[in-house]
Structures are given as C-alpha cells and as structure tokens.
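Down below is the structure, laid out as structure tokens.
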Amino acid sequence: MKKGMALLVSTAMLAGMMSAGAVTAQADTSDYTIRIYSNSNSVERTTWLIEKAKEAGFTISIDDNSVISGDAAAIQAANENKDGDLIFGLNETRWSQLINGEYENLTVADWTPSWAEEVGDYAYENKAYGIVIQNVLMLYRTDELGTNGEELHFDHWADIIDSGYSWYRQNKVGGTTNSNINSALLYAFTDPTSEAGGISIDGWKALWKYCADGKYSADDNYKYGFEPLNLGDVAISSYYSSSLYGQIDVAADTSQNPLTGTYEPENWQLVDIADGTYYIAEYVGILDKEGRSDEETETVKAFAEWFGSPEVQAEWGDEFDTFPCAASAAAELYPDGIPAIYELKNFALNTVEGTDMTYAEYVGAHTNEWTNIMTNLGFFWSDASAAPSEPDWDNLDWATLTQSAE
C-alpha cells in the first residue's frame, strides 16, 4: 500500500459505501446478476470486485483472465454471447470501434454518471467514461550498465533506433502492451494518404530497424520489457506504467544489478521525449441488452455509478497500482503530487494532421491494417535463426499486405 494510504482508503471506502447505499436504496439490486466483460480481469481483480460489489449490494458475474485474456477476447466474447450488461477496461481504440457500431451485437446505452466531469477529456459523452489511465514508458539506465550518466532526449519514440544504445523490443506482434508500444513508435509517421495503412514507408522502415537491432528473448520474463533493463541486458527499454513502481520495489529479487529508487530514481530515468507518450484510458460503459427490464437496467446503471465513482476508483487504484481518471481520486491516492510517469504529454488525444481523428481514433481505424502488415512481413520474430530478410520497400504490394493472410 502506498505511503499514507491506509487512512485515506479507509475514508474513501466509507464514503464509497455510503454512496453505494444511497444508490442501492433506490433500486433492488439483489436479485439481478450483472454480466460484465473486461480485459482488466486478473484473478485478483475479479475476486476483489465480486466481493466489494457484494458488500455494496450488487451481484456480478465476470470472467477472470483464465477464461478471457486481452481486450480483443473480451469484446469478441461479449459480441458472440450477447448477454453482457456492462463492459469496462479496453482502450480508446476499442471504445471508438464499439461506440461507432463496428460490433454486430453490441450497442452502448445512453448514460451519464454523476462524476462525469471528474474525468476531463476521457469521456465519450453520454456513452462511456474513463476510470483508469495507463501509458507506455521508455526507460533507461543511468549507471555503467546504461548511459553512464548521459541524459537521453528524443523528439520521437522512434529516435531510439539512432540512440547509439542497446534496447529491448518485444518478440511478437500481438498483445495490448505490444500494440501500444508500436502505436508510440509509429506516431511520428502518420500519413493519411499512405496506402501502407496510413503510415509513411519511412515509418515501417524505422519499425523494422527497431526489430532488427533490438534485443529480445522468447523468455516470458522478458516480454514486458522490465526484466531486461533490470538485469542490465539493455540500456533502454519500454514498459507500462501501472506496474512500474511495484516492479522496482521488488527489483532486487531477480537481479544482482537491480533498478533502485522508486519515486526518486537512483540508477534509471524516463527518456525525455518531446512528443510525449501514448496513453490509453480504460472506460466503463453500459450495453443495451435484449430482454432486460427497466428496473434491471437501473441496477446496471447503479453499479456503473458505484464502480466508476472517485471513492471506489481510489481504492481500486491503491489495491492494483492503477492511476484513476477521476481527478479527486488521483489527488487522494497521491497527496504529495502526481508521479512523473503520469505527467508526460499525451499524444493519443492529439488530432492527426489531415484528419478529424485523434491519434487514438486513428490507431483504431488502422489497427487491423498494421497488424496485417507486421504479420505478413514477419515483424517481431522471436527466433534469430528464422529472422526474415528486410523487405524490398520500393516494390511492396501494400493493398495485399494490409489484408489478412488467412
């Protein structure tokens, strides 16, 4: 638990239960089981949420990640099963697809919670509202296993390929974190006129060099990027924000040269990138569901109101080291100031030149093409002996490469 959080969370939980009591007094929640789909569904999270919801007067059903793993699986299951009341998690890419009606059996109901103004720009008005913010980070060692005191300043994420230092790169195309890192690396190369998935050819060349010259491993301990940096195997790596501080706290368990200094780094630092970084926000939204009564719908809305509330999100954030969208919840979690990893500029919400889309929406519009390009050309190989040759960039059939090979 974060320093000084025990009393704060106790207070927050009391307020949350009082709030939930006020909500549930208006609707009988006990006889309706709310069916939830989410990719934020570790066993620990689902167990916690089921118990806390029960204390607040709600009965919920949610699969943990032994049943559903990842955002694609969560939304596909909801679309196929047609029994969902509510979705939380995902990211702007998925939510823009969901709200724009790209899933045959899923529509998002109209709903505005009392805490809507707390989440600022993280809102699809009258549809879905942010609960958790996360981003991808580029980190480097400042000791003799890294830059030996040199500070790193990049204009763009892709500048890593010309840094002169070793870096970690992921070893497969798929996965939420992997996709977010790719979105960060490709940001500087958006070109709405490009037939290569809306990315300039220079962008794909840069990503290829990132793969070809980066250090990788088939070892699962490597896959999220923290351990290669912690071991000192590379000077620069990428990682996701929500687990960083927790990992540094136990870094010495797996390394003789661990990263040290959690909130005040001692032998590591964030790469200073002028663009900023790619944030995602997890949202909560209510699904239309055939056959659900008005009273049952009110129960689902009451749960969403409770779960997304700043009080409950403060406790969720403390329990699982996540950063809440709600401003008051963030202030309660971090009374001494917001951590540096969440003060980076967010380019996901910047408008892409030549379009009326944010970059997160642009990613959503092109994500299938990007996955197909990377799969068809063999990006992110995990076996060095099977590494493909660099493509002949001047003679590629992008109309075919952007399509699935299946």
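All values below come from the heavy atoms of this structure, side chains included, with hydrogens, waters and symmetry mates left out. FYI, the numbering just counts along the sequence from 1. Keep in mind the model is a prediction, meaning the values are calculated, not measured.
W208 and F379 have perpendicular rings, their planes meeting at more than 60° on a 0 to 90° scale where under 30° would count as parallel. Ring geometry for F347 versus Y359: interplanar angle over 60°, hence perpendicular rather than tilted (30 to 60°).
Counted within 6.0 Å of CG on D162, heavy atoms from surrounding residues, nucleotides or ligands total more than 12; the atom is thus considered enclosed. Atom OH of Y224 has 12 or fewer heavy atoms from other residues, nucleotides or ligands within 6.0 Å. The number of heavy-atom neighbours closer than 6.0 Å to CD of E390, taken from other residues, nucleotides and ligands shown, is above 12. Within 6.0 Å of NZ on K172 lie no more than 12 heavy atoms contributed by other residues, nucleotides or ligands.
With rounding to the nearest 0.5 angstrom, the OG atom of S163 is 9.0 Å from the CD atom of E150. Rounded to the nearest 0.5 Å, atoms CG (D83) and CD (E290) are 12.5 Å apart. Rounding to the nearest 0.5 Å places CG of D249 at 11.5 Å from CG of L259. For the atom pair CG (L106) and CD (E80), the distance works out to 10.0 Å, reported to the nearest 0.5 Å. For the atom pair W398 CH2 and N372 CG, the distance stands at 12.0 Å (nearest 0.5 Å). Note: D159 CG to I161 CD1 = 8.0 Å, rounded to the nearest 0.5 Å.
In this structure, the ring of Y216 has its center no less than 6.0 angstrom from the ring center of F380. Between W111 and Y129, the distance from one ring center to the other falls under 6.0 angstrom. When ring centroids are compared, Y124 and Y283 come within the 6.0 Å threshold. Taking the ring centroids of Y165 and Y140, they lie at or beyond the 6.0 Å cut-off.
Heavy atoms only, all atoms of each residue included: I236 and L152 are closest at CD1-CD1, 3.7 Å. In plain terms, the two heavy atoms of R94 and A72 that are nearest each other are NH2-CB, 3.4 Å. Closest approach of E369 and G197 over heavy atoms only: OE1-CA, 3.6 Å. When all heavy atoms of D272 and H153 are compared, the pair lying nearest together is OD2-ND1, 2.8 Å. Listed here is the closest heavy atom pair of A128 and G285: CB-CA, 4.3 Å. Heavy atoms only, all atoms of each residue included: S183 and V363 are closest at OG-CG1, 3.6 Å.
No side-chain heavy atom of W268 sits less than 4.5 Å from a side-chain heavy atom of N230. With a 4.5 Å cut-off on side-chain heavy atoms, F226 and I248 count as touching. At a threshold of 4.5 Å between non-hydrogen side-chain atoms, the residues K52 and V312 do not count as touching. In this structure, T322 and R45 have side chains that are in contact, with non-hydrogen atoms separated by less than 4.5 Å. You'll find the side chain of E227 stays beyond 4.5 Å of the side chain of D219, heavy atoms only. A 4.5 Å side-chain heavy-atom check between L349 and Y279 finds every atom pair outside the cut-off. With contacts defined as side-chain heavy-atom distances shorter than 4.5 Å, the pair D275/F154 does not qualify. With contacts defined as side-chain heavy-atom distances shorter than 4.5 Å, the pair N135/F323 does not qualify.
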* **side chain to side chain contact (heavy atoms under 4.5 Å, CB included) between N180 and Y240, intermediate numbers included** => CA-CA 9 Å; N180 294 336; Y240 54 97; over 6 Å; no

* To do: Tell me, with the steps shown, if V250 and Q247 meet side chain to side chain contact (heavy atoms under 4.5 Å, CB included).
  => CA-CA 5 Å; V250 296; Q247 287 286 78; 4.2 Å; yes

* Kindly determine whether T277 and W157 satisfy side chain to side chain contact (heavy atoms under 4.5 Å, CB included), including the steps that lead there. => CA-CA 8 Å; T277 193; W157 264 67; 3.3 Å; yes

* F320 and W48: CA distance, side-chain angles, deciding distance, side chain to side chain contact (heavy atoms under 4.5 Å, CB included) verdict -> CA-CA 10 Å; F320 301 110; W48 186 93; 3.7 Å; yes

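Checked by atom type, the side-chain pair N126/T112 shows a donor-acceptor distance below 3.5 Å. D191 and S194 share no donor-acceptor pair across their side chains, judged by distance under 3.5 Å alone. For the residue pair Y263/D336, the side-chain donor-acceptor check at 3.5 Å is not satisfied. With hydrogens and angles left out, the side-chain atoms of N91 and Y278 include no donor and acceptor closer than 3.5 Å. Residues D64 and S66 bring a donor and an acceptor atom of their side chains to less than 3.5 Å of each other. Residues S242 and Q134 bring a donor and an acceptor atom of their side chains to less than 3.5 Å of each other.
Put simply, the side chain of N267 gets close to the backbone of T260: a donor and an acceptor are under 3.5 Å apart. Side-chain N or O atoms of S166 include one that pairs as donor or acceptor with a backbone N or O of A235 at under 3.5 Å. Q269 contributes no side-chain N or O that, together with a main-chain N or O of T142, makes up a donor-acceptor pair within less than 3.5 Å. Within the 3.5 Å criterion, the main-chain N or O of E282 finds no donor-acceptor partner in the side chain of W95. With hydrogens and angles ignored, the 3.5 Å screen pairs no side-chain donor or acceptor of T190 with any backbone N or O of L186. For the pair T375 (side chain) and T371 (backbone), a donor-acceptor distance under 3.5 Å is present.
In summary, of the residues considered (D85, D63, N81), a side chain to side chain donor-acceptor pair (under 3.5 Å) with Y37 occurs for N81 alone.
At least one cation-pi condition fails for R141 and W167: the charged atom is not both under 6.0 angstrom from the six-membered ring centre and inside a 45 degree cone around its axis.
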